[in-house]
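Structure record follows, encoded as structure tokens.
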Amino acid sequence: MKITVKLFGELRKNIPAYQQDKGLELEIPEGSKVADLMALLKISNTRTITAIMEGRVLALEEKLSAGALINVFHVMYGG
Amino acid sequence: MKFIRVDMSRKKITLEDVPKPYLGLGGRSLTATIVNAEVPPKCDPLGPENKLIFAPGLLSGTNLVNTSRLSVGAKSPLTGTIKESNAGGTIAAALGHLGITAIVVEGQAAKGEMFILRIDEKGETSLLPAKEFKGMRTYSLVDKLLKTYGNKTSVMCIGPAGEYLMKSASIQTSDVDDHPCRAAGRGGLGAVMGSKGLKALVVDRQGKSADAVADPEAFKEAAKTFALKVKENPFSGQFLANVGTAGILAAINSMGAFPSYNATKGVLPGWESISGENLSKIMKERGGGPGHMGCAQCIIHCSNVFVDKQGKYVTSSLEYETIWAMGGMTGIKDLDTIARLDFLCDDIGLDTMNTGVAIAVAMDAGYKKFEDGQAAIEMLEEIGKGTEMGKILGDGPVAVGKHFKHHRIPAVKGQSIAAYDPRAMQGNGVTYATSPMGADHTAGNVMGHYMAKKLDPLKPEGQVAISRGAQIAMAAMDSIGLCILAAVALASPEAGAALVKALSAKIGAPLGADAISQLGMRTLKTEREFNRKAGFTNKDDRLPEFFYKEKLPPHNTVFAVTDADLDTTLAF
């Protein structure tokens with residue numbers, strides 16, 4: 001299935017030539033979970049990273065939806 | 001340990017030892033204790049009985065990083081409650097280097113009189129007539145003051161809004177580049193300063209009489225560990241220097257919790273154009289840029305300098321809360337306009353948040369159209385001139401809502417909410433409702449808990465407990481004088497232990513691990529005691545009705561924490 005992933009803050013530096021307006025269009029197996037996406041993005045320290053889909057912060061074991069936009073952030077604190 | 005009282009009625013300055021009940025306190029814990037002990041709770045906040053207190057944090061002026069934070073305390077004309085408004089910049093470190101524990105400004109100068117309070121490098125304090133500065137905006141005022149007193153000077157001042165006694169008036173303070181762009185913004189304390197007849201506090205930065213640290217070696221070691229942890233944390237160590245607090249904007253929109261168009265939407269369509277990522281891109285193209293050091297002793301560098309297309313300075317620092325209030329709430333999606341609005345607020349001496357929300361309420365009520373940047377600029381100029389409409393706008397969203405008979409006023413105890421909608425981040429709603437300060441984003445912001453997946457932001461369960469914990473921690477940080485963004489490092493147990501060690505080394509007595517939470521609880525209890533005496537009850541610890549009734553898209557939720565639960569938040 002296809003998904004679009006947008007990276008924010010420092011995470012953009014992990015992908016050469018990353019374009020913020022387009023994000024990454026990825027083809028991943030049906031039933032893929034957040035943990036699979038993190039592995040694909042080579043993000044190891046998942047404790048400090050958050051994936052948000054359809055307004056919800058996802059847990060690592062949650063499944064991704066086909067066609068979804070997933071925004072990925074470092075955990076932030078209010079300022 | 002110098003304690004300075006300034007009687008504005010008699011123009012008398014008294015230097016005394018720190019009174020016994022105030023020993024061991026600093027920052028917010030000290031301002032709270034003095035206000036509670038010395039200010040009649042039902043007094044007119046703009047009358048002679050109110051007191052305006054400047055107190056650096058317990059560790060301001062030491063070598064611990066990110067401790068140039070100043071607490072300004074008084075009874076607030078905006079909320080009617082006790083108030084601590086917290087500012088960065090350089091002045092807290094300057095006062096710390098002079099060994100000044102607090103400055104208490106009392107009484108009131110005669111109407112029309114205006115003074116500056118000057119503290120030189122030896123700590124000599126004098127009250128100087130300042131009629132020539134009357135009506136002056138903050139940037140030109142600081143320019144003039146530095147020409148007189150030299151550039152190794154920290155300034156804390158009011159603009160026209162403070163002189164007009166407007167309820168959104170801030171007290172602006174200079175950053176490391178001598179721009180008056182840092183603010184004790186909240187609670188209208190600029191009006192209290194104006195009511196006293198005090199235009200500026202001018203402090204020499206070259207003081208060398210800091211209070212002794214009891215165990216310098218232990219302090220140095222603890223400070224080193226703490227600094228390391230601040231740098232190790234990805235948010236405080238890297239993210240903030242590259243994107244700044246504006247980086248939060250994308251996350252809050254992604255979570256559907258960004259109050260937009262006067263809190264009628266949880267996502268601002270087209271938010272990408274005012275995101276931290278876009279802000280960084282613009283600044284990198286034009287010059288200026290993120291990664292700016294705004295405050296003394298800062299190793300985070302969350303600040304930025306925004307320049308126009310010609311590379312000319314517009315403002316510093318364009319922060320998340322300001323971009324939200326001036327952009328999200330008004331629908332203005334142009335960073336150049338938002339930067340101009342930020343500058344005008346700093347120059348006129350206004351809280352960007354209370355003022356942005358006041359403009360949004362006026363737009364929502366039909367006074368001007370949403371998204372009209374020029375109209376927003378004109379409204380700010382009205383405030384600067386002190387016109388009739390300007391005075392209403394300068395008194396904040398409640399005054400504007402009353403004027404237009406408009407029901408949707410996102411404020412608690414008179415003070416506007418911050419950039420997190422309580423219907424989509426229920427814990428922040430608990431903080432808005434129950435903080436002794438009125439709605440406040442630094443009193444106990446729990447967005448990090450949601451991003452770290454600790455609980456569901458949309459459900460009421462568990463929100464009271466996380467708000468309570470955050471409020472206690474913040475009351476302590478504001479007392480220690482530690483920047484909220486450096487406090488992020490306390491997620492690491494080693495950083496927490498290092499902070500307790502640093503405090504112990506400062507005072508020369510071992511403190512227990514619970515010393516920080518005890519300090520926070522004591523401070524909150526004192527603040528609530530004052531508010532009770534001023535006439536506030538649990539019934540005031542509520543959000544405006546529309547948050548319980550109007551659903552916020554996209555989640556279509558309302559604020560659902562019960563009154564009974566809210567009443568347990570700070571009941572200790």
Side-chain angles (χ1 to χ4, degrees), chain A residues 3-26 32-39 41-65 67-79, chain B residues 233-236 238-257 266-267 272 275-278 280-281 300 302 319-321 418-420 424-425 428 441-442 444-454 456-458 470 483-485 487-488 491 553-555:
Chain A
I3 58 166
T4 304
V5 176
K6 287 201 172 185
L7 307 171
F8 292 87
E10 295 297 282
L11 295 168
R12 296 175 296 165
K13 290 182 178 168
N14 296 350
I15 311 289
Y18 175 75
Q19 287 181 282
Q20 190 68 45
D21 52 342
K22 289 187 182 152
L24 303 171
E25 287 188 6
L26 301 175
S32 290
K33 296 175 179 175
V34 175
D36 302 319
L37 175 63
M38 295 294 172
L41 295 171
K42 298 189 173 59
I43 291 170
S44 53
N45 192 2
T46 51
R47 200 174 54 83
T48 63
I49 305 294
T50 285
I52 302 177
M53 181 175 75
E54 291 157 6
R56 284 187 51 247
V57 174
L58 302 176
L60 283 174
E61 64 276 9
E62 285 192 71
K63 283 184 184 171
L64 302 172
S65 309
L69 168 67
I70 296 126
N71 290 343
V72 184
F73 299 91
H74 269 294
V75 172
M76 300 176 204
Y77 303 87
Chain B
N233 185 293
F235 184 63
S236 56
Q238 298 159 37
F239 179 91
L240 286 168
N242 284 306
V243 198
T245 58
I248 297 169
L249 191 143
I252 304 300
N253 273 282
S254 300
M255 293 168 79
V267 178
E272 292 86 350
S275 67
E277 286 73 15
N278 198 40
S280 290
K281 184 170 163 265
I300 294 175
C302 78
E319 305 279 357
Y320 170 57
E321 303 290 342
Y420 316 85
M425 288 193 170
N428 281 41
H441 69 295
T442 63
N445 188 344
V446 295
M447 65 162 283
H449 291 70
Y450 303 135
M451 290 197 82
K453 304 177 271 283
K454 287 186 181 161
D456 186 338
L458 302 174
C483 167
I484 183 173
L485 298 175
V488 163
H555 293 296

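Only heavy atoms go into these numbers, but all of them, side chains included; no hydrogens, no water, no symmetry mates. This one's a predicted model, so the numbers in the text were calculated from it and none came from an experiment. Sequence lines set the chain letters: A, B, ... in the order given, protein chains first and strands last, and positions in each chain run from 1.
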Check: Under a 4.5 Å heavy-atom cutoff, which of E277(B), H555(B), H449(B) has the most pairs with chain A?
Finding: E277(B)

Check: Under a 4.5 Å heavy-atom cutoff, which of S275(B), A452(B), G256(B), A257(B) has the most pairs with chain A?
Finding: A452(B)

Notebook entry, point to check: Taking the six-membered ring for Trp, are Y450(B) and Y420(B) ring centroids under 6.0 Å apart?
Noted result: no

Margin query: L26(A): which residues meet the side-chain contact (heavy atoms from CB on, under 4.5 Å) condition with it, sequence neighbours left out?
Written below: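 Checked L26(A) against side-chain contact (heavy atoms from CB on, under 4.5 Å); matches are I3(A), V5(A), L24(A), I28(A), L37(A), L40(A).
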
Checklist line | Partner set under side-chain contact (heavy atoms from CB on, under 4.5 Å) for K13(A), not counting sequence neighbours | finding: E10(A), N242(B)

Checklist line | Side chain, backbone, both or neither of L11(A) within contact of chain B (heavy atoms, under 4.5 Å) | finding: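 Neither the backbone nor the side chain of L11(A) comes within 4.5 Å of chain B.
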
Check: Given a strict heavy-atom distance threshold of 4.5 Å, which part of L69(A) is in contact with chain B: side chain, backbone, both, or neither?
Finding: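 Contact with chain B involves no heavy atom of L69(A) at all.
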
Margin query: Heavy-atom pairs under 4.5 Å with chain B: which of R12(A), M53(A), E54(A) has the most?
Written below: R12(A)

Check: Which region of P234(B), side chain (C-beta onward) or backbone (N, CA, C, O), has a non-hydrogen atom less than 4.5 Å from a non-hydrogen atom of chain A, or is it both or neither?
Finding: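 Contact with chain A is through the side chain of P234(B) alone.
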
Checklist line | Side-chain heavy atoms of S236(B) within contact of Y77(A), under 4.5 Å | finding: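 No, every pair of side-chain atoms sits at 4.5 Å or beyond.
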
Checklist line | Side-chain donor-acceptor pair present, E25(A), T4(A), cut-off under 3.5 Å | finding: no

